[in-house]
Amino acid sequence: DGGITQSPKYLFRKEGQNVTLSCEQNLNHDAMYWYRQDPGQGLRLIYYSQIVNDFQKGDIAEGYSVSREKKESFPLTVTSAQKNPTAFYLCASSTRQPSGANVLTFGAGSRLTVL
Amino acid sequence: QKEVEQNSGPLSVPEGAIASLNCTYSDRGSQSFFWYRQYSGKSPELIMSIYSNGDKEDGRFTAQLNKASQYVSLLIRDSQPSDSATYLCAVKAGAQKLVFGQGTRLTINP
């Protein structure tokens, strides 16, 4: 079955540690995204990538880094510079529809808690 | 002004009634609009997309778009307890970017 796999599902981090969240898709989608969701809030865009070896900052990129070395993979590193990293992180991918719109498919999410 | 605004709720609707969810957006040039449903602790799933003014129906769901008023809504007919979730409105901004509202929490009361 095609889909997006995020791991780990739950992650605990001590302050000052970097952590990397994995995102793998087998949908053959060109574009991939990372969103952050805080309790009772909508989704905010961290980074996105339209093609391999290229990515752009979203609205809240500070304290995060990404890479896109393969079409299938778009890992997100939460660095110690991110002051409030406890959140639910969602990876998504998309392909262009005949209408021209890009419809997102989401992974199951990774919940990061800083102790 | 936020780019996409929704009433955060909670919105409480009796089972069998019509639930009406609303969303406004600030970018007059937006062309693509989406409604996602998110159950607690889960990831969002797409339930409706709409690109033209007017209504679009899919089963018990109807999306309504009014570009002149910069307003998009979602109607859920014959509401069921399984419809209880947070509904996220999303608007396409730019070539690849999707901007989400904060979501409306909907509760269907049996």
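In what follows, chains carry the letters A, B, and so on, assigned in the order in which the sequence lines appear, proteins first and then strands, with residues in each chain numbered from 1. Quantities reported herein were computed from a predicted structural model and do not represent experimental measurements.
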Next item on the list: Could you tell me whether a side-chain N or O of B:Tyr36 sits under 3.5 Å from a main-chain N or O of A:Leu104, the two making a donor and an acceptor?
Entry: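 Yes.
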Check: Do any N or O atoms from the side chain of B:Ser43 and from the backbone of A:Gly107 form a donor-acceptor pair under 3.5 angstrom?
Finding: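 Yes, B:Ser43 side chain to A:Gly107 backbone: donor-acceptor pair under 3.5 Å.
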Applying the 4.5 Å side-chain criterion to the ILVMFWY set and letting contacts propagate, would [X] and [Y] be lumped into a single cluster?
{"X": "B:Leu74", "Y": "B:Leu11", "answer": "yes"}
{"X": "A:Tyr48", "Y": "A:Val52", "answer": "no"}
{"X": "A:Leu21", "Y": "A:Phe106", "answer": "no"}
{"X": "B:Leu98", "Y": "A:Phe55", "answer": "no"}
{"X": "A:Val114", "Y": "A:Trp34", "answer": "no"}

Proximal component of [X], with respect to chain B [non-hydrogen, under 4.5 Å]:
{"X": "A:Arg44", "value": "neither"}
{"X": "A:Leu90", "value": "side chain"}
{"X": "A:Gln37", "value": "side chain"}
{"X": "A:Asp59", "value": "side chain"}

State, to 0.1 Å, how close [X] and [Y] come at their nearest heavy-atom pair, and which atoms those are.
{"X": "B:Leu88", "Y": "A:Gly42", "value": "CD2-CA, 4.2 Å"}
{"X": "B:Gln38", "Y": "A:Phe88", "value": "NE2-CE2, 4.1 Å"}
{"X": "B:Tyr51", "Y": "A:Val103", "value": "OH-CG2, 4.3 Å"}

Check: Checking B:Gln31 against chain A: side chain, backbone, both or neither under 4.5 Å from a heavy atom?
Finding: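 Neither part.
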Next item on the list: Find the one option among B:Gly103, B:Gly101, B:Pro44 whose heavy-atom pairs under 4.5 Å with chain A are most numerous.
Entry: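 Highest number of pairs under 4.5 Å: B:Pro44.
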Check: Is it true that atom CD of A:Glu62 has more than 12 heavy atoms of other residues, nucleotides or ligands lying nearer than 6.0 Å?
Finding: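 No, the 6.0 Å shell around CD holds no more than 12 heavy atoms from other groups.
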Notebook entry, point to check: Does atom CZ of A:Arg13 have more than 12 heavy-atom neighbours, drawn from other residues, nucleotides or ligands, at distances under 6.0 Å?
Noted result: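 Counting other residues, nucleotides and ligands, CZ of A:Arg13 exceeds 12 neighbours.
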